[in-house]
J.: 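Okay, handing you the structure first.
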2 protein chains.
Amino acid sequence: MSRTVKSPFDREAQYAAKRLAVIRAAGAAFRRKGYHNASMVEIAKGLGLSKAALYYYVKSKEEILYECHINVYDAMDGLIKSTRVKDENGLERLQSLYGAFAHMLTRDGLALLADVDSLKGDYQETVLARRGKIEQAVTRLVERGMKDGSIRKADPKVMVFFLMGALNWLNVWYEAGGRISGDEIADAFVAQMSAGIANGV
Amino acid sequence: MSRTVKSPFDREAQYAAKRLAVIRAAGAAFRRKGYHNASMVEIAKGLGLSKAALYYYVKSKEEILYECHINVYDAMDGLIKSTRVKDENGLERLQSLYGAFAHMLTRDGLALLADVDSLKGDYQETVLARRGKIEQAVTRLVERGMKDGSIRKADPKVMVFFLMGALNWLNVWYEAGGRISGDEIADAFVAQMSAGIANGV
DNA sequence: AATAAATTTGACTCAAGGGTCAAATTTATG
DNA sequence: CATAAATTTGACCCTTGAGTCAAATTTATT
(Lines give C-alpha, C1' and ligand atoms only; values in the text may rest on other atoms or scores of the structure.)
Protein backbone atom coordinates (compact mmCIF):
# COMPACT_ATOMS: atom_id res chain seq x y z
CA MET A 1 0.00 0.00 0.00
CA SER A 2 1.79 3.11 1.12
CA ARG A 3 4.97 1.34 0.21
CA THR A 4 5.72 3.95 -2.42
CA VAL A 5 6.24 7.11 -0.47
CA LYS A 6 8.10 9.39 -2.78
CA SER A 7 9.10 12.46 -0.92
CA PRO A 8 12.69 13.37 -1.76
CA PHE A 9 13.20 12.66 1.90
CA ASP A 10 12.37 9.02 1.50
CA ARG A 11 15.49 8.05 -0.37
CA GLU A 12 17.79 9.66 2.13
CA ALA A 13 15.86 8.19 4.99
CA GLN A 14 16.11 4.75 3.45
CA TYR A 15 19.81 5.17 2.97
CA ALA A 16 20.32 6.48 6.49
CA ALA A 17 18.32 3.64 7.96
CA LYS A 18 20.34 1.04 6.11
CA ARG A 19 23.56 2.73 7.02
CA LEU A 20 22.55 2.64 10.64
CA ALA A 21 21.66 -1.02 10.31
CA VAL A 22 25.14 -1.69 9.01
CA ILE A 23 26.69 0.12 11.93
CA ARG A 24 24.49 -1.62 14.44
CA ALA A 25 25.21 -5.05 13.03
CA ALA A 26 28.91 -4.34 12.93
CA GLY A 27 28.82 -3.01 16.46
CA ALA A 28 27.17 -6.19 17.67
CA ALA A 29 29.84 -8.24 15.93
CA PHE A 30 32.61 -6.10 17.36
CA ARG A 31 31.20 -6.57 20.78
CA ARG A 32 30.89 -10.31 20.36
CA LYS A 33 34.21 -11.07 18.69
CA GLY A 34 36.28 -7.94 18.96
CA TYR A 35 36.97 -5.42 16.22
CA HIS A 36 39.77 -7.29 14.50
CA ASN A 37 38.17 -10.69 14.74
CA ALA A 38 34.99 -9.57 13.04
CA SER A 39 35.50 -9.39 9.29
CA MET A 40 33.60 -7.22 6.89
CA VAL A 41 32.48 -10.31 5.00
CA GLU A 42 30.93 -11.73 8.14
CA ILE A 43 29.14 -8.52 8.92
CA ALA A 44 27.89 -8.32 5.37
CA LYS A 45 26.65 -11.90 5.38
CA GLY A 46 24.85 -11.25 8.63
CA LEU A 47 22.88 -8.59 6.80
CA GLY A 48 22.36 -10.68 3.70
CA LEU A 49 24.68 -8.49 1.69
CA SER A 50 28.03 -8.75 0.01
CA LYS A 51 31.06 -7.01 1.40
CA ALA A 52 31.17 -4.58 -1.48
CA ALA A 53 27.65 -3.42 -0.67
CA LEU A 54 28.76 -2.33 2.78
CA TYR A 55 31.11 0.14 1.19
CA TYR A 56 28.16 1.83 -0.44
CA TYR A 57 27.06 2.88 3.03
CA VAL A 58 30.34 3.26 4.73
CA LYS A 59 33.79 4.56 3.95
CA SER A 60 35.88 2.09 5.88
CA LYS A 61 35.80 -0.41 8.69
CA GLU A 62 37.45 2.14 10.88
CA GLU A 63 34.64 4.58 10.20
CA ILE A 64 32.18 1.99 11.41
CA LEU A 65 34.05 1.55 14.64
CA TYR A 66 34.15 5.30 15.01
CA GLU A 67 30.41 5.61 14.50
CA CYS A 68 29.76 2.86 17.01
CA HIS A 69 31.63 4.79 19.63
CA ILE A 70 30.02 8.08 18.73
CA ASN A 71 26.54 6.61 18.84
CA VAL A 72 27.01 5.54 22.43
CA TYR A 73 28.47 8.83 23.44
CA ASP A 74 25.65 10.69 21.75
CA ALA A 75 23.20 8.61 23.70
CA MET A 76 25.10 9.29 26.89
CA ASP A 77 25.15 12.99 26.21
CA GLY A 78 21.42 12.83 25.78
CA LEU A 79 21.04 11.11 29.12
CA ILE A 80 23.28 13.63 30.79
CA LYS A 81 20.99 16.38 29.60
CA SER A 82 17.72 14.64 30.32
CA THR A 83 18.65 13.67 33.87
CA ARG A 84 19.57 17.21 34.77
CA VAL A 85 17.03 18.07 37.40
CA LYS A 86 17.11 21.34 39.24
CA ASP A 87 16.43 20.53 42.86
CA GLU A 88 18.52 17.45 43.38
CA ASN A 89 21.85 17.07 45.06
CA GLY A 90 24.94 15.54 43.47
CA LEU A 91 24.28 12.03 44.63
CA GLU A 92 20.68 12.03 43.50
CA ARG A 93 21.58 13.27 40.06
CA LEU A 94 24.34 10.76 39.76
CA GLN A 95 21.93 8.00 40.69
CA SER A 96 19.58 8.99 37.89
CA LEU A 97 22.37 9.29 35.40
CA TYR A 98 24.19 6.11 36.31
CA GLY A 99 20.98 4.15 36.26
CA ALA A 100 20.14 5.58 32.87
CA PHE A 101 23.58 4.59 31.60
CA ALA A 102 23.26 1.05 32.85
CA HIS A 103 19.79 0.78 31.47
CA MET A 104 20.84 1.98 28.05
CA LEU A 105 23.80 -0.37 27.87
CA THR A 106 21.66 -3.39 28.60
CA ARG A 107 19.40 -2.56 25.69
CA ASP A 108 20.52 -4.11 22.45
CA GLY A 109 22.39 -2.09 19.92
CA LEU A 110 24.48 0.18 22.05
CA ALA A 111 27.60 -1.00 23.76
CA LEU A 112 30.74 0.54 25.10
CA LEU A 113 33.46 -0.88 22.85
CA ALA A 114 36.99 -1.38 24.04
CA ASP A 115 38.96 -1.06 20.81
CA VAL A 116 39.81 2.61 20.91
CA ASP A 117 43.38 1.68 20.03
CA SER A 118 42.28 0.51 16.64
CA LEU A 119 41.24 4.02 15.70
CA LYS A 120 43.81 6.33 14.21
CA GLY A 121 44.32 10.06 13.96
CA ASP A 122 41.25 12.24 14.22
CA TYR A 123 38.97 9.30 14.76
CA GLN A 124 40.77 8.33 17.91
CA GLU A 125 41.22 11.87 19.13
CA THR A 126 37.55 12.61 18.73
CA VAL A 127 36.44 9.46 20.48
CA LEU A 128 38.80 10.01 23.36
CA ALA A 129 37.62 13.59 23.60
CA ARG A 130 34.01 12.48 23.69
CA ARG A 131 34.74 9.89 26.33
CA GLY A 132 36.58 12.55 28.27
CA LYS A 133 33.54 14.81 28.13
CA ILE A 134 31.36 12.12 29.60
CA GLU A 135 33.82 11.43 32.36
CA GLN A 136 34.03 15.14 33.06
CA ALA A 137 30.29 15.44 33.35
CA VAL A 138 30.21 12.55 35.79
CA THR A 139 33.15 13.97 37.68
CA ARG A 140 31.36 17.29 38.02
CA LEU A 141 28.39 15.54 39.52
CA VAL A 142 30.66 13.82 41.99
CA GLU A 143 32.34 17.07 42.93
CA ARG A 144 28.97 18.70 43.29
CA GLY A 145 27.95 15.92 45.62
CA MET A 146 31.09 16.39 47.67
CA LYS A 147 30.28 20.05 48.07
CA ASP A 148 26.67 19.57 49.03
CA GLY A 149 27.65 16.80 51.39
CA SER A 150 25.80 13.98 49.67
CA ILE A 151 29.01 12.28 48.52
CA ARG A 152 31.95 11.52 50.76
CA LYS A 153 35.20 13.31 50.13
CA ALA A 154 37.81 11.46 48.10
CA ASP A 155 39.67 11.76 44.81
CA PRO A 156 36.84 12.38 42.32
CA LYS A 157 38.80 11.10 39.33
CA VAL A 158 39.53 7.75 40.89
CA MET A 159 35.97 7.48 42.07
CA VAL A 160 34.70 8.09 38.57
CA PHE A 161 37.10 5.64 36.97
CA PHE A 162 35.91 3.04 39.40
CA LEU A 163 32.33 3.66 38.41
CA MET A 164 32.97 3.84 34.69
CA GLY A 165 34.91 0.60 34.89
CA ALA A 166 31.87 -1.24 36.08
CA LEU A 167 29.91 0.13 33.12
CA ASN A 168 32.57 -0.75 30.59
CA TRP A 169 32.81 -4.27 31.92
CA LEU A 170 29.05 -4.59 31.71
CA ASN A 171 29.17 -5.01 27.96
CA VAL A 172 31.64 -7.83 28.28
CA TRP A 173 29.57 -10.11 30.46
CA TYR A 174 25.98 -9.04 30.11
CA GLU A 175 23.88 -10.71 27.50
CA ALA A 176 20.39 -9.55 26.75
CA GLY A 177 17.77 -12.12 27.54
CA GLY A 178 19.81 -13.77 30.25
CA ARG A 179 18.97 -14.61 33.82
CA ILE A 180 18.91 -10.99 34.87
CA SER A 181 17.01 -8.19 33.20
CA GLY A 182 18.41 -4.83 32.25
CA ASP A 183 16.24 -3.16 34.85
CA GLU A 184 17.58 -5.38 37.58
CA ILE A 185 21.14 -4.65 36.53
CA ALA A 186 20.46 -0.95 36.51
CA ASP A 187 18.97 -1.08 40.00
CA ALA A 188 21.79 -3.18 41.39
CA PHE A 189 24.39 -0.93 39.81
CA VAL A 190 22.80 2.21 41.17
CA ALA A 191 22.60 0.71 44.63
CA GLN A 192 26.20 -0.44 44.65
CA MET A 193 27.45 2.75 43.03
CA SER A 194 25.74 5.05 45.47
CA ALA A 195 26.53 3.02 48.56
CA GLY A 196 30.15 3.11 47.47
CA ILE A 197 30.38 6.85 47.31
CA ALA A 198 27.60 8.16 49.52
CA ASN A 199 28.51 10.13 52.58
CA GLY A 200 27.93 7.91 55.56
CA VAL A 201 28.04 10.72 58.10
CA MET B 1 83.91 -12.71 37.64
CA SER B 2 81.20 -15.12 38.48
CA ARG B 3 79.81 -14.42 35.06
CA THR B 4 80.37 -18.00 34.07
CA VAL B 5 78.14 -19.97 36.33
CA LYS B 6 77.84 -23.37 34.72
CA SER B 7 75.27 -25.36 36.58
CA PRO B 8 73.06 -27.22 34.12
CA PHE B 9 70.35 -25.15 35.72
CA ASP B 10 71.82 -21.94 34.45
CA ARG B 11 70.99 -22.44 30.80
CA GLU B 12 67.38 -23.22 31.48
CA ALA B 13 67.12 -20.34 33.88
CA GLN B 14 68.55 -18.02 31.28
CA TYR B 15 66.12 -19.27 28.73
CA ALA B 16 63.18 -19.02 31.07
CA ALA B 17 64.13 -15.50 32.06
CA LYS B 18 64.36 -14.36 28.47
CA ARG B 19 61.13 -16.05 27.61
CA LEU B 20 59.46 -14.23 30.44
CA ALA B 21 60.97 -10.97 29.26
CA VAL B 22 59.44 -11.57 25.86
CA ILE B 23 56.06 -12.21 27.37
CA ARG B 24 56.28 -9.18 29.63
CA ALA B 25 57.31 -6.89 26.82
CA ALA B 26 54.59 -8.22 24.59
CA GLY B 27 52.06 -7.87 27.38
CA ALA B 28 53.00 -4.24 27.84
CA ALA B 29 52.61 -3.64 24.12
CA PHE B 30 49.27 -5.44 24.07
CA ARG B 31 48.08 -3.29 26.90
CA ARG B 32 49.25 -0.10 25.23
CA LYS B 33 48.08 -0.72 21.68
CA GLY B 34 45.86 -3.75 21.80
CA TYR B 35 46.74 -7.29 20.77
CA HIS B 36 46.19 -6.86 17.05
CA ASN B 37 47.79 -3.47 16.80
CA ALA B 38 51.04 -4.63 18.35
CA SER B 39 53.12 -6.48 15.79
CA MET B 40 55.72 -9.11 16.52
CA VAL B 41 58.35 -6.98 14.79
CA GLU B 42 57.64 -4.10 17.13
CA ILE B 43 57.81 -6.29 20.18
CA ALA B 44 61.05 -7.76 18.94
CA LYS B 45 62.59 -4.36 18.25
CA GLY B 46 61.62 -3.21 21.69
CA LEU B 47 63.76 -6.01 23.05
CA GLY B 48 66.59 -5.40 20.60
CA LEU B 49 65.86 -8.64 18.77
CA SER B 50 64.60 -9.73 15.41
CA LYS B 51 61.19 -11.20 14.97
CA ALA B 52 62.60 -14.62 14.22
CA ALA B 53 64.38 -14.65 17.55
CA LEU B 54 61.09 -14.34 19.37
CA TYR B 55 60.03 -17.63 17.91
CA TYR B 56 62.93 -19.29 19.61
CA TYR B 57 61.24 -18.53 22.91
CA VAL B 58 57.65 -18.72 21.93
CA LYS B 59 55.47 -20.82 19.71
CA SER B 60 53.11 -18.19 18.41
CA LYS B 61 51.74 -14.76 19.09
CA GLU B 62 48.61 -16.36 20.43
CA GLU B 63 50.68 -18.31 22.93
CA ILE B 64 52.12 -15.06 24.20
CA LEU B 65 48.68 -13.63 24.74
CA TYR B 66 47.70 -16.80 26.49
CA GLU B 67 50.69 -16.64 28.81
CA CYS B 68 49.97 -13.01 29.59
CA HIS B 69 46.53 -13.95 30.78
CA ILE B 70 47.72 -16.95 32.70
CA ASN B 71 50.43 -14.98 34.46
CA VAL B 72 47.88 -12.59 35.88
CA TYR B 73 45.57 -15.34 36.93
CA ASP B 74 48.42 -17.22 38.58
CA ALA B 75 49.26 -14.10 40.52
CA MET B 76 45.65 -13.67 41.49
CA ASP B 77 45.40 -17.26 42.62
CA GLY B 78 48.41 -16.65 44.77
CA LEU B 79 46.77 -13.62 46.33
CA ILE B 80 43.58 -15.55 46.94
CA LYS B 81 45.55 -18.09 48.90
CA SER B 82 47.75 -15.67 50.78
CA THR B 83 44.89 -13.47 51.91
CA ARG B 84 42.96 -16.38 53.35
CA VAL B 85 42.91 -15.57 57.03
CA LYS B 86 41.03 -17.69 59.49
CA ASP B 87 39.26 -15.31 61.82
CA GLU B 88 37.96 -12.73 59.41
CA ASN B 89 34.48 -12.25 58.07
CA GLY B 90 33.59 -12.12 54.40
CA LEU B 91 33.91 -8.39 54.03
CA GLU B 92 37.29 -8.23 55.75
CA ARG B 93 38.70 -10.97 53.57
CA LEU B 94 37.34 -9.35 50.47
CA GLN B 95 38.94 -6.09 51.47
CA SER B 96 42.35 -7.73 51.75
CA LEU B 97 41.95 -9.55 48.49
CA TYR B 98 40.58 -6.68 46.50
CA GLY B 99 43.29 -4.38 47.76
CA ALA B 100 45.91 -6.96 46.85
CA PHE B 101 44.44 -7.24 43.36
CA ALA B 102 44.46 -3.50 42.83
CA HIS B 103 47.94 -3.25 44.19
CA MET B 104 49.25 -5.96 41.91
CA LEU B 105 47.65 -4.48 38.82
CA THR B 106 49.24 -1.11 39.42
CA ARG B 107 52.67 -2.69 39.51
CA ASP B 108 54.30 -2.90 36.13
CA GLY B 109 54.25 -6.07 34.16
CA LEU B 110 50.94 -7.54 35.05
CA ALA B 111 47.75 -6.32 33.51
CA LEU B 112 44.30 -7.70 32.88
CA LEU B 113 44.07 -7.88 29.10
CA ALA B 114 40.81 -7.54 27.25
CA ASP B 115 41.47 -9.55 24.10
CA VAL B 116 40.14 -12.91 25.17
CA ASP B 117 38.30 -13.09 21.86
CA SER B 118 41.58 -13.31 20.02
CA LEU B 119 42.33 -16.64 21.65
CA LYS B 120 41.06 -19.78 20.00
CA GLY B 121 40.20 -23.28 21.11
CA ASP B 122 41.86 -24.56 24.24
CA TYR B 123 43.66 -21.32 24.84
CA GLN B 124 40.43 -19.43 25.16
CA GLU B 125 38.67 -22.12 27.11
CA THR B 126 41.46 -22.30 29.63
CA VAL B 127 41.67 -18.56 30.08
CA LEU B 128 37.93 -18.24 30.51
CA ALA B 129 37.99 -21.09 32.97
CA ARG B 130 40.75 -19.44 34.97
CA ARG B 131 38.92 -16.16 34.99
CA GLY B 132 35.83 -18.00 36.06
CA LYS B 133 37.72 -19.53 38.97
CA ILE B 134 38.80 -16.13 40.17
CA GLU B 135 35.30 -14.78 39.93
CA GLN B 136 34.02 -17.82 41.80
CA ALA B 137 36.47 -17.28 44.60
CA VAL B 138 35.43 -13.67 44.91
CA THR B 139 31.79 -14.64 44.71
CA ARG B 140 32.27 -17.13 47.52
CA LEU B 141 33.73 -14.40 49.69
CA VAL B 142 30.75 -12.22 48.92
CA GLU B 143 28.33 -15.01 49.77
CA ARG B 144 30.24 -15.71 52.94
CA GLY B 145 29.91 -12.06 53.85
CA MET B 146 26.19 -12.17 53.20
CA LYS B 147 25.86 -15.10 55.55
CA ASP B 148 27.94 -13.62 58.34
CA GLY B 149 26.13 -10.32 57.95
CA SER B 150 29.09 -8.23 56.91
CA ILE B 151 27.85 -7.79 53.36
CA ARG B 152 24.37 -6.67 52.43
CA LYS B 153 22.12 -9.10 50.63
CA ALA B 154 21.92 -8.78 46.89
CA ASP B 155 22.70 -10.79 43.78
CA PRO B 156 26.28 -11.90 44.41
CA LYS B 157 27.11 -12.38 40.73
CA VAL B 158 26.13 -8.89 39.76
CA MET B 159 27.98 -7.50 42.74
CA VAL B 160 31.13 -9.31 41.71
CA PHE B 161 30.89 -8.25 38.08
CA PHE B 162 30.58 -4.70 39.24
CA LEU B 163 33.73 -5.03 41.29
CA MET B 164 35.71 -6.90 38.66
CA GLY B 165 34.76 -4.28 36.12
CA ALA B 166 36.49 -1.60 38.09
CA LEU B 167 39.63 -3.74 38.18
CA ASN B 168 39.56 -4.50 34.48
CA TRP B 169 39.11 -0.87 33.62
CA LEU B 170 42.03 0.00 35.86
CA ASN B 171 44.51 -1.26 33.32
CA VAL B 172 43.00 0.94 30.66
CA TRP B 173 43.45 4.26 32.40
CA TYR B 174 46.11 3.79 35.04
CA GLU B 175 49.67 4.53 34.11
CA ALA B 176 52.49 3.80 36.49
CA GLY B 177 54.32 6.88 37.63
CA GLY B 178 51.33 9.14 37.20
CA ARG B 179 49.68 11.56 39.59
CA ILE B 180 48.40 8.81 41.82
CA SER B 181 50.38 5.95 43.26
CA GLY B 182 49.41 2.32 43.19
CA ASP B 183 48.94 2.33 46.94
CA GLU B 184 46.55 5.23 46.77
CA ILE B 185 44.56 3.51 44.06
CA ALA B 186 44.39 0.35 46.08
CA ASP B 187 43.16 2.20 49.15
CA ALA B 188 40.58 4.17 47.22
CA PHE B 189 39.36 1.03 45.49
CA VAL B 190 39.04 -0.89 48.72
CA ALA B 191 37.15 1.96 50.32
CA GLN B 192 34.73 2.32 47.45
CA MET B 193 34.34 -1.40 46.98
CA SER B 194 33.53 -2.10 50.60
CA ALA B 195 31.27 0.87 51.08
CA GLY B 196 29.39 -0.30 48.02
CA ILE B 197 28.64 -3.72 49.38
CA ALA B 198 28.94 -3.44 53.15
CA ASN B 199 25.91 -4.07 55.27
CA GLY B 200 24.72 -0.71 56.49
CA VAL B 201 22.44 -2.14 59.17
C1' DA C 1 8.67 0.39 -22.45
C1' DA C 2 12.68 3.20 -22.24
C1' DT C 3 15.73 5.72 -19.54
C1' DA C 4 18.00 7.17 -15.52
C1' DA C 5 19.29 6.63 -10.88
C1' DA C 6 20.17 3.80 -7.05
C1' DT C 7 21.96 -0.71 -5.26
C1' DT C 8 24.44 -4.68 -5.32
C1' DT C 9 27.90 -7.90 -6.70
C1' DG C 10 31.88 -11.01 -8.35
C1' DA C 11 36.35 -10.78 -9.15
C1' DC C 12 40.25 -8.55 -8.27
C1' DT C 13 44.30 -5.88 -6.02
C1' DC C 14 47.20 -4.99 -2.33
C1' DA C 15 49.53 -4.48 2.13
C1' DA C 16 50.25 -6.14 6.59
C1' DG C 17 51.81 -9.21 9.49
C1' DG C 18 52.44 -14.03 11.38
C1' DG C 19 55.34 -17.72 10.85
C1' DT C 20 59.46 -20.56 8.76
C1' DC C 21 64.17 -21.88 7.65
C1' DA C 22 68.80 -22.50 6.38
C1' DA C 23 72.68 -20.12 7.30
C1' DA C 24 75.45 -17.03 10.27
C1' DT C 25 77.03 -15.80 14.76
C1' DT C 26 77.84 -16.22 19.49
C1' DT C 27 78.88 -18.92 23.59
C1' DA C 28 80.43 -22.84 26.01
C1' DT C 29 83.24 -27.14 26.39
C1' DG C 30 86.97 -30.82 25.69
C1' DC D 1 92.02 -24.16 19.00
C1' DA D 2 88.33 -27.16 17.43
C1' DT D 3 83.92 -28.73 17.96
C1' DA D 4 79.32 -28.65 19.46
C1' DA D 5 75.40 -26.47 21.27
C1' DA D 6 72.76 -22.44 21.81
C1' DT D 7 71.12 -17.97 19.76
C1' DT D 8 70.06 -14.92 16.34
C1' DT D 9 69.07 -13.32 11.79
C1' DG D 10 67.80 -11.97 6.81
C1' DA D 11 65.05 -13.40 3.38
C1' DC D 12 61.25 -15.59 2.24
C1' DC D 13 56.37 -17.69 2.08
C1' DC D 14 51.50 -17.42 2.73
C1' DT D 15 47.14 -16.37 4.53
C1' DT D 16 43.85 -13.09 5.79
C1' DG D 17 41.14 -9.46 5.18
C1' DA D 18 40.36 -4.51 3.82
C1' DG D 19 39.22 -1.95 0.02
C1' DT D 20 38.18 -1.15 -5.31
C1' DC D 21 35.75 -1.23 -9.66
C1' DA D 22 33.39 -2.08 -13.78
C1' DA D 23 29.51 -4.49 -14.79
C1' DA D 24 24.97 -6.40 -13.51
C1' DT D 25 20.63 -5.88 -11.31
C1' DT D 26 16.94 -3.62 -9.12
C1' DT D 27 13.98 0.40 -8.45
C1' DA D 28 12.00 4.65 -9.78
C1' DT D 29 10.62 8.16 -13.38
C1' DT D 30 8.80 9.94 -17.81
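None of the values given here were measured: they were computed from a predicted structure. Throughout, protein chains are lettered first and strands after them, A, B, ... in sequence-line order, and every chain is numbered starting at 1.
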J.: I'd like to know if B/Arg179 and A/Asp155 make a salt bridge, using a cut-off of under 4.0 Å between side-chain N and carboxylate O.
T.: yes

J.: Consider the side chain of A/Tyr57, meaning its heavy atoms from C-beta on, and name the nucleotide among D/dA18, C/dT7, C/dG18 that approaches it most closely.
T.: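 Nearest to the side chain of A/Tyr57 among the choices is C/dT7.
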
J.: Would you compute the distance between atom CG of B/Asp117 and atom NE2 of A/His36 and round it to the nearest 0.5 angstrom?
T.: 12.0 Å

J.: Could you say whether A/Lys59 or A/Glu42 is positioned toward the 5' end of DNA chain D, judged by the nucleotide with the nearest heavy atom to each?
T.: A/Glu42

J.: Distance to the ring centre below 6.0 angstrom and angle to the axis at most 45 degrees; does that hold for B/Lys120 and B/Tyr66?
T.: no

J.: Quickly work out the A/Tyr15 OH to C/dA6 P distance and round it to whole Å.
T.: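 Rounding to the nearest Å, OH of A/Tyr15 and P of C/dA6 are 11 Å apart.
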
J.: We want to know whether A/Asn199 and A/Ser150 form a side-chain donor-acceptor pair, criterion being a heavy-atom distance below 3.5 angstrom.
T.: no

J.: Determine, for A/Phe162 and A/Lys157, whether the Lys NZ or Arg CZ falls below 6.0 Å from the six-membered ring centre while staying within 45 degrees of the axis.
T.: no

J.: How close or far is atom P of C/dG17 from atom CG of A/Asn37, stated in whole angstroms?
T.: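 So the two atoms are 15 Å apart, to the nearest Å.
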
J.: Quickly work out the B/Met40 CE to D/dG10 P distance and round it to whole Å.
T.: 16 Å

J.: Under 30°, 30 to 60°, or over 60°: which ring-plane class applies to A/Tyr15 and A/Tyr57, parallel, tilted or perpendicular?
T.: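 Tilted.
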
J.: Take the protein atom NZ of A/Lys61 and the nucleotide atom P of C/dC14, then report the distance between them rounded to whole Å.
T.: 21 Å

J.: Tell me the interatomic distance from A/Leu65, atom CG, to D/dA18, atom C1', rounded to whole angstroms.
T.: 14 Å

J.: Rounded to the nearest angstrom, tell me the gap between atom CD in A/Glu63 and atom C1' in D/dA18.
T.: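 A/Glu63 atom CD is separated from D/dA18 atom C1' by 14 Å.
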
J.: Can you run down the side chain to side chain donor-acceptor pair (under 3.5 Å) pairs that involve residues 164-177 of chain A, sequence neighbours left out, and say none if there aren't any?
T.: none

J.: Please list, by residue number, the residues of residues 43-56 of chain B whose heavy atoms come closer than 4.0 Å to an atom of DNA chain C; answer none if no residue qualifies.
T.: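 Residues of residues 43-56 of chain B under 4.0 Å from DNA chain C: B/Lys51, B/Ala52, B/Tyr55.
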
J.: Return the value, rounded to whole Å, for the distance between atom CD1 of B/Ile64 and atom P of C/dG17.
T.: 15 Å

J.: CD of B/Glu62 versus C1' of C/dG18: gap in Å, rounded?
T.: 12 Å

J.: Would you call A/Lys133 and A/Asp77 a salt bridge, using N to O less than 4.0 angstrom?
T.: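 Answer for the salt bridge query: no.
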
J.: Please work out which residues in residues 114-127 of chain B have a non-hydrogen atom less than 4.0 Å from an atom of DNA chain D and list them by number.
T.: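 Listed by number, there are none.
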
J.: Which pair of non-hydrogen atoms, one from A/Val138 and one from A/Met164, has the smallest distance, and what is that distance?
T.: CG2-SD, 4.5 Å

